[in-house]
Amino acid sequence: MLTVPVEIFRFKPGQAQRYDTFTVEIAETAHVIDVIDTVWAKHDPTLTFRRACHHSSCGSCAVRINGAEKLPCIVRLTDVWNGRNPIRIEPLRNFPVVSDLLVEVGDFFERMSAASMTITCEAEGFLPLTVDTFAVAGVLPKTVELPDNLSRFNRFEQCIECGICMSACPTMATDNKFIGPAGLAAIYQARHKTDDPTRVKHLLGLADGEHGVWRCHSAFECTEACPQAVDPASKIMALRRELALRRLRKMFGLRI
Amino acid sequence: MSTLNYSKTRQAARWFDVRRRKAGMWAYALNRITGIGLVVYLYLHLGVLSMLIQGQSAWDAFVGLARSPFYLALDVILLAGILIHGLNGLRLAVTGFGFSAGAQKALFTILMISGGIILIAAALKIFQI
Ligand code: SF4
Ligand code: FES
């Protein structure tokens, strides 16, 4: 067992913000989410935070650990604790803080939805029907009919909508209408799944807007911080290339 | 629902917060610092040039001052700002249009080392004046 000091950001509506320090007895194999859970269970039940899956799938637990955005459910305690100083846990930046570690993500999700990011991973349409058919050489996985409502529950590959990139982005700090790294990466993904001119126009129009790709000032922190290797920065740059090339072609009267 | 929101100034200060950040963020902050520095320099430069209106003696007196080690050191700082801002600008122009975005860190390192070499050579030359 380890005895770990932990310093947690606290805020409740109507009260001043502060940091509370707790000393937690916890197993060496614990993850940071276990530390937060223990503080809540054994020290202060008023601590507010979010978590669900415990394995980097839901994206709900994102916080800043010692100043860097992380998913505490996959960060081992011993990787962030130097054995002396308290581990500092704070809410994500660039989101309004609702209470303690809990931030308001409604706006972020709405932004993703506004970009019509209800995209189902292609692989989900080609599930093997049974393990047997999958195992027999030469038998291709069969296409299955997707339930009508499935796309409502799937956004796009890899991104778990944790908001970490939005917190790490310095541009986001001064333009809260900026679509942001996750949204722009999603637009890129959606754009590459369609040739439908109306949809392409809609998606590129979003990317080209006042709060789109040109707002990015290339800090590349989104890509550094993203726990899912979505690499939003490269997607933003690729969208810019497409927009710039389209503009150039238009300028010279070529077909877009 | 009353939430905690920070002031615009505090948010803007995050442009310069490089704690726990990587090379891209250092480049971002450096570009802003040097950019502000170069704008300030431009106005100082225009102010200095306006001394020409006061005739040759005022200008000669300034040139004498500008050759002091303190002013020469300021020249080196100015050149450092120009090199950081200009070379980083090249990196941004390349990566900003989707070329070698994945190599942005390597580009930053290479360009800053090149800038450092140019700066040392130029500083030696400046102090020989
Ligand atoms: S792009 Fe990465 S960091 Fe951003 S919300 Fe998606 S998973 Fe999280
Ligand atoms: S609890 Fe789901 S990502 Fe951490």
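Convention: sequence-line order gives letters A, B, ...; per-chain numbering from 1. Keep in mind that what you see is a predicted model, and the values were worked out from it rather than measured.
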Taken to the nearest 0.5 Å, the spacing of A:Arg93 CZ from B:Tyr6 OH works out to 9.0 Å
When rounded to the nearest 0.5 Å, the distance separating CG of B:Leu4 from CZ of A:Phe9 is 5.0 Å
field: Check: B:Phe99 and A:Arg241 side chains under 4.5 Å, non-hydrogen atoms
entry: yes
Here the pair of heavy atoms bringing B:Tyr28 nearest to A:Ser218 is CD1-C, 4.5 Å
Hits for ring pair (Phe, Tyr, Trp, His ring centres under 6.0 Å) against A:Phe11, two or more places apart or cross-chain, chain-then-number order -> none
Residues of residues 167-174 of chain A with a heavy atom under 4.5 Å from any heavy atom of chain B, in residue-number order, are A:Ser167, A:Ala168, A:Pro170, A:Thr171, A:Ala173, A:Thr174
Turns out that what part of A:Asn66 lies under 4.5 Å from chain B's heavy atoms comes down to both
inquiry  = Counting only heavy atoms from other residues, nucleotides and ligands, does the tally under 6.0 Å from CH2 of B:Trp26 exceed 12?
reply    = no
### Message
side chain to side chain contact (heavy atoms under 4.5 Å, CB included), that's the test. Do A:Asn176 and B:Gln11 meet it? Break it down for me.
### Response
CA-CA 10 Å; A:Asn176 60 13; B:Gln11 288 288 95; over 6 Å; no
Applying ring pair (Phe, Tyr, Trp, His ring centres under 6.0 Å) to B:Tyr41 and not counting sequence neighbours gives B:His45
Note to self: Are more than 12 heavy atoms, taken from residues, nucleotides or ligands other than A:Trp40, located less than 6.0 Å from that residue's CH2 atom?
What the structure shows: no
Report all side-chain donor-acceptor pairs from residues 68-85 of chain B shorter than 3.5 Å, counting only partners two or more places apart or in another chain.
from, atom 1, to, atom 2, distance (Å)
B:Ser68, OG, B:Leu65, O, 2.8
B:His85, ND1, B:Asn31, O, 3.2
B:His85, ND1, B:Thr34, OG1, 3.0

OG1 of B:Thr95 to CZ of A:Arg240, rounded to nearest 0.5 Å, is 8.0 Å
Applying a strict 4.5 Å limit to non-hydrogen atoms, the region of B:Ala27 in contact with chain A is neither
**Request:** Evaluate whether atom CG of A:Asp195 has more than 12 neighbouring non-hydrogen atoms of other residues, nucleotides or ligands under 6.0 angstrom away.
**Result:** no
Distance col, row B:Arg20:CZ vs A:Glu221:CD, nearest 0.5 angstrom, shows 11.0 Å
Is the shortest side-chain heavy-atom distance between B:Thr3 and A:Val97 below 4.5 Å?
no
The reported gap from OG in B:Ser100 to CE in A:Met237 (rounded to nearest 0.5 angstrom) is 11.5 Å
Honestly, the part of A:Ala68 sitting under 4.5 Å from a heavy atom of chain B is both
Output for pair (A:Leu243 CG, B:Phe97 CZ), nearest 0.5 Å, gives 9.5 Å
Within the 4.5 Å heavy-atom criterion, are A:His217 and B:Leu92 side-chain neighbours or not? no
Comparing A:Asn94, A:Val213, A:Asp231 against chain B, the one with the most heavy-atom pairs below 4.5 Å turns out to be A:Asn94
Does B:Arg19, at its CZ atom, have more than 12 non-hydrogen atoms belonging to other residues, nucleotides or ligands within less than 6.0 Å? no
Among B:Lys22, B:Lys105, B:Arg21, the residue with the most heavy-atom pairs under 4.5 Å to chain A is B:Arg21
Minimal heavy-atom distance between A:Gly14 and B:Ser2, with the atoms involved, is N-OG, 4.2 Å
Cut-off 4.5 Å, heavy atoms of chain B, and the answer for A:Leu102 is neither
Whatever's closer than 4.5 Å to a heavy atom in chain B on A:Gln17 counts as side chain
